[in-house]
Amino acid sequence: MKPEYRLHYAPDNASLVIRLVLEELGLPFDAVLVDRKAKAQRSAEYLALNPGGLIPVLETPDGALFETAAILLWLSGRHGAMAPAAGTADYAPFLKWLFFASNTLHADLRMLFYPQKYIGDDPARQAQLQNVIRQRLHRHLTSLDHAAAGRPAWLAAPQPSVLDYYLACQMRWMALYPADADRSWFRIAAYPSLQRLCAGLEHRTAVTTAREAEGLGATPFTSPAYANPPEGSAT
């Protein structure tokens, strides 16, 4: 039987978060490579699925979904797992931190990784923006680390949530990118509760499957290496 999900992905892109959650949920899916080197994300076929030209897209029985947090929320709601149920006491705090991860943390990461898209081609101005963003990211991570220290059922708990995987991937990317920039500002040990979250996930079967599929190495979150995928490219 044909899987009901098709994940359009590129290695070590935001699609990694969705792959991990699909694996954790035990859901079969087809993985469709988006060739970034060929700018396939700008093709007419891909833009018909996601007019923003960003990765990922998840094709579902309800149509094509884009935006990482929206896909995560839809999957957790449809399958009744990896997030608190709507209407419960845990749902509101989970929801605010999920959208913090998406609208604040992830948005700032994009500015750190692609400053030219926001401030133009002047290297000095790009460096100034990146310096400000690093300071913002440290504050964001400190806030998240404090939230995780409280050990809520939906953050760094024994059973992972969609938010756990989202944050672990973002921690990975902060340690690695931009490849040609100073990354000494980021030390995972400075955020012990988030470090514990990342370490706990690395032992899960879903992570083993995903890291083999995308060539992520043995410790993709706590001591990450650049992806060496069997197909496609992370950039």
Side-chain angles (χ1 to χ4, degrees), residues 4-5 7-9 13-27 29 50-52 54-112 133 136-174 188 191-201 204 206-207 210 221:
E4 63 178 353
Y5 296 126
L7 175 62
H8 295 260
Y9 87 102
N13 280 228
S15 50
L16 173 61
V17 185
I18 309 304
R19 181 192 287 274
L20 286 161
V21 168
L22 289 168
E23 294 288 357
E24 185 69 42
L25 290 169
L27 300 173
F29 64 96
N50 182 355
L54 298 175
I55 300 166
V57 164
L58 183 69
E59 292 189 71
T60 80
D62 292 344
L65 298 178
F66 51 85
E67 295 295 330
T68 302
I71 299 171
L72 294 175
L73 200 57
W74 186 88
L75 282 171
S76 64
R78 186 169 197 249
H79 296 280
M82 299 190 69
T88 63
D90 280 338
Y91 189 66
F94 160 79
L95 203 60
K96 73 182 180 184
W97 286 114
L98 176 65
F99 279 84
F100 181 85
S102 174
N103 297 354
T104 302
L105 185 62
H106 203 162
D108 277 1
L109 280 180
R110 285 188 56 79
M111 283 191 275
L112 180 68
I133 292 297
R136 283 175 53 87
L137 288 169
H138 173 65
R139 291 195 297 270
H140 301 337
L141 292 173
T142 299
S143 296
L144 283 160
D145 195 66
H146 179 74
R151 296 179 180 264
W154 41 268
L155 183 59
Q159 290 300 313
S161 71
V162 296
L163 178 57
D164 289 334
Y165 277 121
Y166 199 0
L167 293 175
C169 288
Q170 291 183 85
M171 299 285 281
R172 168 185 170 79
W173 300 327
M174 278 181 259
I188 192 171
Y191 317 103
S193 296
L194 295 177
Q195 185 179 36
R196 174 174 58 83
L197 180 158
C198 289
L201 291 178
R204 299 193 69 83
V207 174
F221 306 133

Inset, instruction - Could you tell me which non-hydrogen atom of Asn50 sits nearest to which non-hydrogen atom of Pro56, and how far apart they are? - result: ND2-O, 4.1 Å
Legend entry - Contact check, side chains of Leu7 and Val57, non-hydrogen atoms, under 4.5 Å: no
Inset, instruction - Over all heavy atoms of both residues, which pair between Leu20 and Val207 is shortest? Give the atoms and the distance, please. - result: CD2-CA, 3.8 Å
Legend entry - Nearest heavy-atom neighbours spanning Asp164 and Ala156: OD1-N, 2.8 Å
Legend entry - Rounded distance [0.5 Å steps], CD1 in Ile71 versus CG in Leu65: 6.0 Å
Legend entry - Non-hydrogen side-chain atoms of Leu72 and Leu163 separated by less than 4.5 Å: no
Ignoring hydrogens and angles, write down the donor-acceptor pairs under 3.5 Å from the side chains of residues 79-107, residues two or more places apart or on other chains.
from	atom 1	to	atom 2	distance (Å)
His79	NE2	Tyr5	OH	2.7
Thr88	OG1	Ala85	O	2.6
His106	ND1	Tyr166	OH	2.7

Inset, instruction - With rounding to the nearest 0.5 Å, note down the distance linking CD1 in Ile18 to CD in Glu23. - result: 12.5 Å
Legend entry - Residue pair Leu54 / Phe66, side-chain heavy-atom distance below 4.5 Å: no
Inset, instruction - Hey, could you give me the NE2/CG distance between His146 and Leu194, rounded to the nearest 0.5 Å? - result: 12.0 Å
Legend entry - Test side chain to side chain donor-acceptor pair (under 3.5 Å) applied to His138 - qualifying residues, sequence neighbours left out: Tyr191
Legend entry - Main-chain N/O of Trp154 paired with Ser161 side-chain donor or acceptor, under 3.5 Å: yes
Inset, instruction - Please tell me if the side chains of Arg172 and Phe221 come closer than 4.5 Å, counting only heavy atoms from C-beta onward. - result: yes
Legend entry - Contact summary for Trp74 and Pro61, nearest pair of heavy atoms: CH2-CD, 4.4 Å
Legend entry - Asn13 side chain vs Ile55 backbone, donor-acceptor pair below 3.5 Å: no
Inset, instruction - Answer yes or no: is there a side-chain heavy-atom contact under 4.5 Å between Met171 and Leu197? - result: no
Legend entry - Spacing of CG belonging to Leu16 relative to OG1 belonging to Thr68, to within rounding of 0.5 Å: 10.5 Å
Legend entry - Flag side-chain contact, heavy atom, 4.5 Å: His140 against Leu137: yes
Inset, instruction - Measure across Leu73 and Ser76 and return the closest heavy-atom pair with its distance rounded to 0.1 Å. - result: O-OG, 3.0 Å
Inset, instruction - Could you list the residues that satisfy side chain to side chain donor-acceptor pair (under 3.5 Å) with Glu59, not counting sequence neighbours? - result: Arg6, His8
Legend entry - Distance-minimising heavy-atom pair for Pro158 and Pro160: O-CD, 3.6 Å
Legend entry - Student check: side-chain heavy atoms of Leu58 and Leu75 closer than 4.5 Å: yes
Legend entry - Arg78/Glu4 salt bridge by N-O under 4.0 Å criterion: yes
Legend entry - pair Val17-Val162: side-chain heavy atoms closer than 4.5 Å: no
